[in-house]
Number of protein chains: 2
Amino acid sequence: MAGQARRTRTLRHTDPKDVPLQDALEALADPVRRLILRTLAGEPEFTRACGTFDLPVSKATASHHFAVLRATGLLEQVDQGPRRLSRLRRAEFDARFPGLLGLVLAEDEQPGPAPCDTHAAASR
Amino acid sequence: MAGQARRTRTLRHTDPKDVPLQDALEALADPVRRLILRTLAGEPEFTRACGTFDLPVSKATASHHFAVLRATGLLEQVDQGPRRLSRLRRAEFDARFPGLLGLVLAEDEQPGPAPCDTHAAASR
DNA sequence: ACGTCCATTCGACCGCTGTCGAACACATGA
DNA sequence: TCATGTGTTCGACAGCGGTCGAATGGACGT
């Protein structure tokens, strides 16, 4: 059978209304998760699969971060075949925490001279 | 004997302008620190000494949290004799991260069923 | 049926940070 | 000078969370 309509199934996601500020801040306090959110904000909805993100971590870790974001009501995901497409729940999250997501999306990539790097890179 | 001027000396504090979003979120992700901020917001400026806060942690831990808040540009402190009085740098922080502090100060104390602490019972 | 691709889950490791008691430093008042 | 009250600093400990490789589960295409 030729490909018919893709069976896109929405999976359970947390409603931002039920998210305590504690969880929201913890979720956003991770740089990888913020990178995911910023990437997602720059694309049409439901066009990026998890694997297409350019993240500095392994697949397992990335999956963990997606789960956290979903649990915090920050994104909604849809299974389309083997891929899992994401959408940023911008309006919903903004209704719960006005301005918070905006700060994240507007974050500068801090191109500084790497004062914040984790350990002795001994580079440059 | 009365009438000697209180020698209030301002100590070094970080300018919110120099604070990366990363640090701000990490600072606000701690419930004790948010409690400090909310308490401070409900009082006139420079009227609360560190010891007068009703915090669920030891003196040493409280001191640590005050240091973090100071380093994040969230509060300014003045030494008045043996006491260290604090002021919430509301406007300055709001200029750097519009709306963020507002969310914290408006936070509900979550009186609900969920006891936020996962363990640490029978302390002291 | 089978293999492939995609994402999650599992177990383990490790560093960071929140936590504490005790010791210290400082300013003040007797 | 000493005692007191206040806040910080010093080790030390514990738990959480981010991280990984490997194993697992599903959904196609052939």
Side-chain angles (χ1 to χ4, degrees), chain A residues 1-9 11-13 22-23 25-36 46-53 55-72 75 77-86 116-120, chain B residues 1-9 11-13 22-23 25-36 46-53 55-72 75 77-86 116-124:
Chain A
M1 314 339 221
Q4 297 301 40
R6 287 287 207 290
R7 220 171 250 282
T8 67
R9 278 247 314 274
L11 34 132
R12 303 242 304 270
H13 53 270
Q22 176 75 44
D23 296 13
L25 292 174
E26 282 175 359
L28 296 177
D30 188 281
V32 175
R33 289 196 280 264
R34 291 200 305 277
L35 177 55
I36 293 176
F46 292 126
T47 57
R48 295 286 287 226
C50 298
T52 69
F53 288 75
L55 301 178
V57 294
S58 75
K59 292 227 177 224
T61 303
S63 185
H64 163 67
H65 286 309
F66 277 103
V68 171
L69 290 175
R70 199 176 349 124
T72 323
L75 51 86
Q77 293 182 318
V78 166
D79 280 346
Q80 185 196 37
R83 293 184 213 78
R84 182 160 285 186
L85 306 179
S86 295
C116 55
D117 68 335
T118 51
H119 32 268
Chain B
M1 327 279 232
Q4 65 248 63
R6 287 291 208 294
R7 225 174 250 288
T8 69
R9 278 247 317 275
L11 35 131
R12 304 233 313 266
H13 53 268
Q22 175 76 43
D23 296 13
L25 292 175
E26 282 174 359
L28 296 177
D30 187 282
V32 175
R33 289 196 280 264
R34 291 200 305 278
L35 177 55
I36 292 176
F46 293 125
T47 56
R48 295 286 286 225
C50 299
T52 69
F53 289 75
L55 303 177
V57 293
S58 76
K59 212 170 40 161
T61 302
S63 184
H64 162 66
H65 286 309
F66 277 103
V68 171
L69 291 175
R70 199 176 347 126
T72 323
L75 51 86
Q77 293 181 318
V78 167
D79 280 346
Q80 185 196 41
R83 292 185 213 76
R84 182 161 283 186
L85 306 180
S86 295
C116 43
D117 55 338
T118 52
H119 44 280
S123 63
R124 121 174 4 162

C:dA27 phosphate, OP1 or OP2, under 4.0 Å from B:Arg83 side-chain N/O: no
Base, sugar-phosphate, or nothing for A:Ala67, non-hydrogen atoms under 4.0 angstrom? nothing
Ignoring hydrogens and angles, tell me if any N or O in the side chain of B:Gln80 forms a donor-acceptor pair with the backbone of B:Leu85 under 3.5 Å. no
Looking at residues at least two apart in the chain, or sitting in another chain, which of them share a side-chain contact (heavy atoms from CB on, under 4.5 Å) with A:His65? A:Asp30, A:Val32, A:Arg33, A:Ile36, A:Thr61
Of the candidate nucleotides C:dA7, C:dC6, D:dG5, which contains the atom at the shortest distance from the side chain of A:Pro82? C:dC6
Among C:dC5, D:dG7, C:dA7, the one nearest any side-chain atom of A:Ser63 is C:dA7
Evaluate the side-chain proximity of B:Phe66 to B:Ser86: yes if any heavy-atom separation is below 4.5 Å, no if none is. yes
Does A:Cys50 reach the side chain of A:Arg83, with side-chain heavy atoms less than 4.5 Å apart? no
Within the structure shown, what part of the strands sits under 4.0 Å from B:His64 by heavy-atom distance: base, sugar-phosphate, or nothing? base
I need the CG-P distance between A:Leu85 and C:dC6, as an integer number of Å. 12 Å
Quick one: label B:Arg70 by what it contacts on the DNA or RNA (base, sugar-phosphate, nothing), any heavy atom closer than 4.0 Å. sugar-phosphate
Look for any protein N or O under 3.5 Å of an N or O in nucleotides 20-23 of chain D and output each such pair with its distance, or none.
unit_1, atom_1, unit_2, atom_2, d
D:dC20, OP2, A:Ser58, N, 2.6
D:dC20, OP2, A:Ser58, OG, 3.1
D:dC20, OP2, A:Thr61, OG1, 2.9

Spacing of A:Gln22 atom CD relative to C:dG18 atom P, expressed in whole Å: 11 Å
Rounded to the nearest Å, what distance is computed from the CG atom of residue B:Leu69 to the P atom of nucleotide D:dT8? 11 Å
Once you round it to whole Å, what is the distance between P of C:dC26 and CZ of B:Arg84? 12 Å
For B:Gln80 and D:dG5, what is the distance between atoms CD and P respectively, to the nearest whole Å? 18 Å
Closest heavy-atom contact between B:Leu55 and B:Ala62? CD1-CB, 3.9 Å
Using a strict heavy-atom distance below 4.0 Å, which residues from residues 25-32 of chain B are in contact with DNA chain D? none
Report yes if a side-chain nitrogen or oxygen of A:Arg33 is closer than 4.0 Å to either non-bridging phosphate oxygen (OP1 or OP2) of D:dG18; otherwise report no. yes
Let me see the working for A:Glu26 and B:Leu25 under side chain to side chain contact (heavy atoms under 4.5 Å, CB included), right down to the final yes or no. CA-CA 8 Å; A:Glu26 282 175 359; B:Leu25 292 175; over 6 Å; no
Whole-Å distance between D:dG18 C1' and A:Leu55 CG? 14 Å
Sorted by chain and number, sequence neighbours left out, side-chain hydrogen bond (donor to acceptor under 3.5 Å, both in side chains) with A:Thr72 holds for none
Partner set under side-chain hydrogen bond (donor to acceptor under 3.5 Å, both in side chains) for A:Arg48, not counting sequence neighbours: A:Glu43, A:Thr52
Hey, is the main chain of A:Leu28 close enough, under 3.5 Å, to the side chain of A:Arg34 for a donor-acceptor pair? yes
Would you mind reading off the distance between B:Arg48 atom CZ and D:dG7 atom C1', rounded to a whole angstrom? 16 Å
Can you measure B:Phe66 atom CZ to D:dT6 atom P for me and round it to whole angstrom units? 14 Å
Sequence neighbours left out, what passes salt bridge (Lys or Arg N to Asp or Glu O under 4.0 Å) with A:Arg70? Give chain and number order. none
